[in-house]
Every structure is written in C-alpha cells, then in structure tokens.
J.: 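Quick one: the structure is below, and I'll ask about it shortly.
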Amino acid sequence: MIVGWCVRRTGDPELAADLTAEVFAAVLVSAARYVPAHQSAAGWLLGIARNVLSHSVRRGQVDARARDRLGASSLAVEDDDLVVVLEIAGGQDSAAGQLLAELPADERAAVRARVLDEREYREIARSLGCSEMVVRKRVSRGLARLRAGLATR
C-alpha cells in the first residue's frame with residue numbers, strides 16, 4: 001500500500017522506493033507510540049507517509065532522519081527492483097488489487113478515489129455526479145467487501 005501510494009504521488013519508482021524505506025524506518029522509530037484505535041494501521045501508516053513526503057518536498061530531497069536514527073544504510077535500487085516496485089504499486093497481482101478489480105464499478109471508483117487517491121468525499125461526489133452520502137455508502141460497502149474477501153483468502 002505504501003509503495004503504491006508513493007509511486008502515485010511521485011511518479012518515480014526509484015524515489016518511491018527511497019520514500020518507502022524512510023516511511024518504514026519512521027514507523028520503527030515511532031512504533032512504541034502507536035495506539036491501535038482501529039482494526040487497521042493503514043491510516044497511521046499513510047499519515048507517516050504524508051509527513052515523510054511533505055518534509056522531503058520541503059527539503060528538496062528524501063529525508064533520511066529515521067533511517068539515520070536506526071543506522072540503516074541507503075538503498076541501492078537496481079532496474080529489477082524498480083520493476084518490482086511498479087508491480088507492487090500497480091496492485092493488480094495482489095489479493096487486494098484483485099478484489100478491488102472485482103468490486104462493482106461504482107464501488108470500485110469510489111474506493112479508488114477515496115482510499116488510493118485520497119480525494120475528499122465532496123470532490124468525488126461532484127466528479128461522479130451523485131451526493132456525498134452516496135459516495136460514503138459506496139466506499140463503505142466497497143471496503144466491507146474488500147475486508148470480507150481478504151478474510152477468506
């Protein structure tokens with residue numbers, strides 16, 4: 001999920017791999033402060049990813065503070081690694097990617113816009129030509145189907 005998010009935000013698999021490494025280093029550094037308030041840590045992870053990306057953009061380079069704190073070395077990303085990053089980011093081969101592709105079109109569009117693209121409900125509703133409440137319901141149903149599908153795989 002984080003690799004895909006980073007690739008979609010940067011458009012650069014090498015940069016996305018570097019950002020992902022920093023995100024997970026930051027996760028390790030702050031893991032003791034994590035309070036599991038939800039079934040999934042996805043929101044927490046994406047929050048860290050947003051912070052890492054925004055800090056890196058401000059500095060004009062990928063922040064490496066968390067990796068430095070852990071004593072982790074820099075990534076050496078080869079062409080074969082970039083192919084793997086792009087495959088992960090594509091998500092179609094993953095169980096979640098396959099389940100997402102199997103959702104009804106209206107739910108898939110809503111889930112993709114809200115979760116993967118992180119668009120606001122109001123914006124999604126405008127683009128889909130429906131109400132915010134309808135979008136919320138589609139996202140909710142789609143995520144419920146994804147959870148149920150992942151639980152049975």
Side-chain angles (χ1 to χ4, degrees), residues 1-31 33-57 62-63 66-67 72 75-153:
M1 173 184 71
I2 298 300
V3 170
W5 186 90
C6 289
V7 168
R8 284 187 296 281
R9 295 302 176 281
T10 65
D12 180 342
E14 190 167 4
L15 180 57
D18 206 21
L19 284 168
T20 301
E22 183 61 17
V23 167
F24 281 98
V27 165
L28 290 172
V29 167
S30 62
R33 294 188 310 257
Y34 174 67
V35 178
H38 304 286
Q39 283 184 327
S40 170
W44 182 65
L45 290 171
L46 286 171
I48 291 172
R50 274 191 294 272
N51 290 340
V52 167
L53 178 60
S54 66
H55 191 266
S56 295
V57 167
V62 174
D63 189 10
R67 283 181 286 172
L75 287 175
V77 180
E78 304 296 329
D79 288 344
D80 291 344
D81 299 322
L82 297 179
V83 170
V84 172
V85 167
L86 289 173
E87 286 173 3
I88 292 169
Q92 296 304 315
D93 293 333
S94 69
Q98 290 171 358
L99 289 169
L100 181 63
E102 294 169 8
L103 287 178
D106 58 345
E107 289 177 15
R108 182 176 54 251
V111 168
R112 187 176 294 280
R114 180 67 184 141
V115 177
L116 299 178
D117 299 336
E118 296 183 354
R119 294 170 48 202
E120 297 296 323
Y121 286 108
R122 185 176 322 126
E123 177 189 349
I124 300 166
R126 266 194 311 264
S127 69
L128 296 178
C130 60
S131 72
E132 240 181 276
M133 187 58 70
V134 168
V135 172
R136 289 179 185 277
K137 195 63 171 168
R138 288 176 182 173
V139 170
S140 175
R141 285 183 182 148
L143 292 175
R145 288 182 205 258
L146 288 173
R147 271 193 297 276
L150 287 171
T152 61
R153 288 192 180 207

J.: If the condition is side-chain contact (heavy atoms from CB on, under 4.5 Å), which residues does S54 pass it with, not counting sequence neighbours?
T.: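 Here the qualifying residues are R58.
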
J.: What's the separation between atom CD in E107 and atom CD in E102, rounded to the nearest 0.5 Å?
T.: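 The CD atom of E107 sits 12.5 Å away from the CD atom of E102.
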
J.: Of all residues at least two apart in sequence or in a different chain, which pass the side-chain contact (heavy atoms from CB on, under 4.5 Å) check with N51?
T.: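 So N51 forms no side-chain contact (heavy atoms from CB on, under 4.5 Å) with any residue.
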
J.: With sequence neighbours left out, write down each residue that passes salt bridge (charged side-chain N to carboxylate O under 4.0 Å, His left out) with R108, or none if nothing qualifies.
T.: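 Once residues adjacent in sequence are excluded, R108 has no partner under the salt bridge (charged side-chain N to carboxylate O under 4.0 Å, His left out) criterion.
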
J.: Let me confirm one number: the CD-SG distance from E22 to C6, rounded to the nearest 0.5 Å.
T.: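 Those atoms lie 10.5 Å apart.
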
J.: Considering only heavy atoms from C-beta outward, does the side chain of P104 approach that of R138 to under 4.5 Å?
T.: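 SC-SC contact between P104 and R138 ruled out.
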
J.: For V135 and A110, work out which heavy atoms get closest and say how close.
T.: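 Looks like O-CB, 4.3 Å.
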
J.: Rounded at 0.5 Å granularity, tell me how far CG in L100 sits from CZ in R145.
T.: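 Here the rounded value is 12.0 Å.
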
J.: Would the distance check show the side chain of T20 and the main-chain N or O of A16 forming a donor-acceptor pair, the cut-off being under 3.5 Å?
T.: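 Yes, because the side chain of T20 sits within donor-acceptor range (under 3.5 Å) of the backbone of A16.
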
J.: For V139 and V111, which heavy atoms make the closest approach, and how far apart are they?
T.: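 For V139 and V111, the tightest heavy-atom pair comes out as O-CG2, 3.9 Å.
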
J.: With rounding to the nearest 0.5 angstrom, report the CG to CZ distance, L103 to R112.
T.: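 Between atom CG of L103 and atom CZ of R112 there are 9.5 Å.
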
J.: For A144, check side-chain contact (heavy atoms from CB on, under 4.5 Å) against everything at least two apart and list the hits.
T.: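 Residues passing side-chain contact (heavy atoms from CB on, under 4.5 Å) with A144: R147.
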
J.: Partners of R141 by salt bridge (charged side-chain N to carboxylate O under 4.0 Å, His left out), sequence neighbours excluded?
T.: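 Here no residue qualifies.
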
J.: Looking only at non-hydrogen atoms, find the nearest pair between L19 and L53 and report the distance.
T.: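 Closest approach of L19 to L53, heavy atoms only: CD1-CD1, 3.7 Å.
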
J.: Using distance only, find each side-chain donor-acceptor pair of residues 120-129 under 3.5 Å and give its atom names and separation, not counting sequence neighbours.
T.:
from : atom 1 : to   : atom 2 : distance (Å)
E123 : OE2    : R119 : NE     : 3.1
S127 : OG     : R119 : NH2    : 2.8
S127 : OG     : I124 : O      : 2.9

J.: Please list, chain by chain and in numerical order, all residues satisfying side-chain contact (heavy atoms from CB on, under 4.5 Å) with S30, sequence neighbours excluded.
T.: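 Per chain and number, S30 pairs via side-chain contact (heavy atoms from CB on, under 4.5 Å) with R33, W44, I48.
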
